[in-house]
Student: 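Pasting a structure here, questions to come.
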Amino acid sequence: MATQPSDLDGVTEGCSECARDTLHKVRVELRTESSKPENAEFSREPYRVSTCMECQTETTQRMNNA
C-alpha cells in the first residue's frame, strides 16, 4: 500500500470500500486492550487509524505486535 503526501490535510491510500485510491485522514491513538480496570494502564497499545474522506470507512491496524 503506497502512501503519498497530499496537498490537502491527508494521505492518498487505497480504500477497500471505494475500490480505488482516495484521500484519508490518518492518526495514531492509544487503545486499552484489557477489560480489567486494574490492568488498563498497562494494556495500552498504539493503533494506526485511517478514515476514508469519500466514504468515511475507518480501518485500524495495531502498530506493536510484540
Side-chain angles (χ1 to χ4, degrees):
M1 174 167 50
T3 59
Q4 299 175 355
S6 168
D7 291 339
L8 301 173
D9 185 27
V11 176
T12 301
E13 295 183 345
C15 176
S16 59
E17 190 69 27
C18 295
R20 60 188 172 95
D21 288 345
T22 59
L23 188 64
H24 284 69
K25 280 197 173 185
V26 179
R27 67 185 186 279
V28 174
E29 63 182 50
L30 291 176
R31 293 190 174 184
T32 302
E33 295 181 338
S34 176
S35 59
K36 298 177 183 178
E38 63 272 8
N39 294 332
E41 66 182 292
F42 304 109
S43 69
R44 293 179 296 183
E45 295 293 335
Y47 279 78
R48 181 184 189 274
V49 182
S50 177
T51 306
C52 177
M53 300 300 289
E54 296 291 324
C55 69
Q56 303 306 312
T57 298
E58 184 176 279
T59 46
T60 60
Q61 179 180 8
R62 188 174 191 242
M63 308 259 319
N64 182 5
N65 289 324

Student: Working to the nearest 0.5 Å, report the span between SG of C52 and NZ of K25.
Tutor: 12.5 Å

Student: Which atoms form the tightest heavy-atom contact between G14 and D21, and what is the distance?
Tutor: CA-OD1, 3.3 Å

Student: Looking at OG1 of T22 and CD of E13, how far apart are the two atoms once the value is rounded to the nearest 0.5 Å?
Tutor: 8.0 Å

Student: Answer yes or no: is there a side-chain heavy-atom contact under 4.5 Å between H24 and T51?
Tutor: no

Student: Kindly write out the residues that satisfy side-chain hydrogen bond (donor to acceptor under 3.5 Å, both in side chains) with E54, not counting sequence neighbours, or none if the list is empty.
Tutor: none

Student: From M53 CE over to C15 SG, what is the distance, rounded to the nearest 0.5 angstrom?
Tutor: 12.0 Å

Student: Does S34 offer a backbone N or O that forms a donor-acceptor pair with the side chain of T32 under 3.5 Å?
Tutor: no

Student: When you look at R44 and E29, which way does the salt bridge (charged side-chain N to carboxylate O under 4.0 Å, His left out) test go after all the steps?
Tutor: CA-CA 10 Å; R44 293 179 296 183; E29 63 182 50; over 6 Å; no

Student: Within a radius of less than 6.0 Å around CD of E17, do more than 12 heavy atoms belonging to other residues, nucleotides or ligands occur?
Tutor: no

Student: Report, as yes or no, whether the 6.0 Å neighbourhood of atom CZ on R31 holds more than 12 heavy atoms from other residues, nucleotides or ligands.
Tutor: yes

Student: Go through the steps for T60 and R48 under the test side-chain contact (heavy atoms from CB on, under 4.5 Å), then give the verdict.
Tutor: CA-CA 6 Å; T60 60; R48 181 184 189 274; over 6 Å; no

Student: Return the set of residues passing side-chain hydrogen bond (donor to acceptor under 3.5 Å, both in side chains) with E33 (not counting sequence neighbours), or none when no residue passes.
Tutor: Y47, R62

